**Q** 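Got a structure here, written out as structure tokens. Questions coming.
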Amino acid sequence: MSPVYRRELYSLQGSGPILDMQAGMPIELRSQLRKQQKIIPDSIKIVAQVDTGASTTCIKAGLPAKLGLAPVGVQMIHTASTPNVLCDKYLIMFMIPSVNVCFEIAAIEMQLKNQPIDCLIARDVLCRYQARTLLGHWSP
Amino acid sequence: MPGQLDKEIAYYASIKDKLLSGHQYEFALIRGDELVEVYKTEIDAITAGHRRYGNTPFLAIHIDPMEKPLFINNWLCV
């Protein structure tokens with residue numbers, strides 16, 4: 001499902017802490033491709049939601065394949081409806097152009113069924129950047 | 001795509017007890033059935049893997065005696 005949020009509709013009270021971001025290949029892999037004179041995959045525009053209740057950042061299934069990334073780890077996850085699902089992890093570079101923030105994080109690939117977001121920004125990011133920094137451009 | 005790291009996961013299971021004795025809560029970098037090295041942080045392990053193996057599958061895993069599944073909110077409808 002394509003993201004349905006639009007910037008002009010964003011408000012912290014209305015739509016929640018939604019961010020326009022870009023996801024791309026991590027710096028080390030970009031550097032290797034550059035040295036090999038190969039094409040670096042374009043970054044992809046995504047919509048993310050900040051969730052203080054989540055410990056690890058998650059990305060929508062299929063996004064790593066679009067970026068051409070191979071898995072670098074696994075994480076067993078557990079939900080109320082589905083226990084013990086083994087998901088792959090990928091190192092992804094995220095950019096938030098509106099606040100000029102860029103970081104790399106190992107994110108879990110999982111189904112985000114029927115959700116109008118591509119990414120869930122969790123406490124592993126928030127411990128590096130205060131929510132106010134990430135959401136600096138927001139209206140209440 | 002689950003399954004790309006099956007070999008690495010199986011190898012980690014076979015050496016986990018040994019790793020726990022000296023490297024608890026660190027991060028192991030495993031490729032195939034080889035333990036490459038142990039690192040203090042996940043990012044260090046992954047970056048070292050990328051330097052060594054490029055954009056190919058490898059396993060950077062937390063050496064954790066508990067290995068509790070991560071709970072994800074139900075609204076994600078996994």
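The chains referred to below are lettered A, B, ... by the order of the sequence lines, with proteins before strands, and numbering in each begins at 1. In this text, all values refer to a predicted model and were calculated from it rather than measured experimentally.
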**Q** Are there more than 12 heavy atoms of other residues, nucleotides or ligands under 6.0 Å from atom NZ of K16(B)?
**A**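 Counting other residues, nucleotides and ligands, NZ of K16(B) exceeds 12 neighbours.
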**Q** Is there a path from V125(A) to M93(A) through hydrophobic residues (I, L, V, M, F, W, Y) whose side chains come within less than 4.5 Å of each other?
**A**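 As far as the 4.5 Å side-chain criterion goes, M93(A) and V125(A) are not connected within one cluster.
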**Q** If Ile, Leu, Val, Met, Phe, Trp and Tyr residues are connected whenever their side-chain heavy atoms lie under 4.5 Å apart, and connections chain through other members, are I59(A) and M95(A) in the same group?
**A**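 No, no single cluster joins them.
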**Q** Would you say F27(B) ends up clustered with L20(B) if hydrophobic residues are merged whenever their side chains have heavy atoms under 4.5 Å apart, either directly or through other cluster members?
**A**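 Looking at the clustering, F27(B) is in a separate group from L20(B).
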**Q** Less than 4.5 Å to any heavy atom of chain B: does that hold for the side chain of L69(A), its backbone, both, or neither?
**A**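 Backbone plus side chain of L69(A), per the 4.5 Å heavy-atom cut-off to chain B.
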**Q** Could you tell me whether a side-chain N or O of E28(A) sits under 3.5 Å from a main-chain N or O of I46(B), the two making a donor and an acceptor?
**A**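 Absent.
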**Q** Using a cut-off of under 4.5 Å on heavy-atom pairs, state which of G49(B), G54(B), A45(B) scores highest against chain A.
**A**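 When all of G49(B), G54(B), A45(B) are compared, G54(B) has the most.
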**Q** Side chains of L33(A) and N55(B): closer than 4.5 Å at any heavy-atom pair?
**A**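 Side-chain contact under 4.5 Å: no.
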**Q** Which heavy atom of I105(A) sits nearest to which heavy atom of I43(B), and what is that distance?
**A**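 Reported closest heavy-atom pair: CA-CD1, 4.5 Å.
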**Q** Given a strict heavy-atom distance threshold of 4.5 Å, which part of P64(A) is in contact with chain B: side chain, backbone, both, or neither?
**A**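 Neither part, no heavy atoms under 4.5 Å.
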**Q** Quick one: closest heavy-atom pair of Q32(A) and R51(B), and the distance?
**A**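 Nearest heavy atoms, Q32(A) then R51(B): NE2-CA, 3.4 Å.
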**Q** If hydrophobic clusters are built by linking Ile, Leu, Val, Met, Phe, Trp and Tyr wherever their side-chain heavy atoms come under 4.5 Å apart, do L29(B) and L35(B) end up in the same one?
**A**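 No: no chain of side-chain contacts under 4.5 Å links L29(B) to L35(B).
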**Q** Does atom CG (N100(A)) have a neighbourhood of more than 12 heavy atoms from anything else shown, all under 6.0 Å?
**A**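 Incorrect, the count does not exceed 12.
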**Q** Let me know if I30(B) has heavy atoms under 4.5 Å from chain A in its side chain, its backbone, both or neither.
**A**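 The answer is neither part of I30(B).
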**Q** Using a cut-off of under 4.5 Å on heavy-atom pairs, state which of L91(A), V74(A), V72(A) scores highest against chain B.
**A**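 With the most close heavy-atom pairs to chain B, the winner is V72(A).
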**Q** How far apart are the closest heavy atoms of L5(B) and G73(A), and which atoms are they?
**A**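 Looks like CD1-O, 3.6 Å.
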**Q** Roughly how far apart are H50(B) NE2 and R30(A) CZ, rounded to 0.5 Å?
**A**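 Between atom NE2 of H50(B) and atom CZ of R30(A) there are 12.5 Å.
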**Q** For the residue pair A70(A) and P57(B), what are the closest heavy atoms and their distance?
**A**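 Scanning both residues, the minimum pair turns out to be CB-N, 3.6 Å.
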**Q** Under 4.5 Å between side-chain heavy atoms, counting indirect links through other Ile/Leu/Val/Met/Phe/Trp/Tyr residues: same cluster for I15(B) and F58(B) or not?
**A**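 No, I15(B) and F58(B) fall in different hydrophobic clusters.
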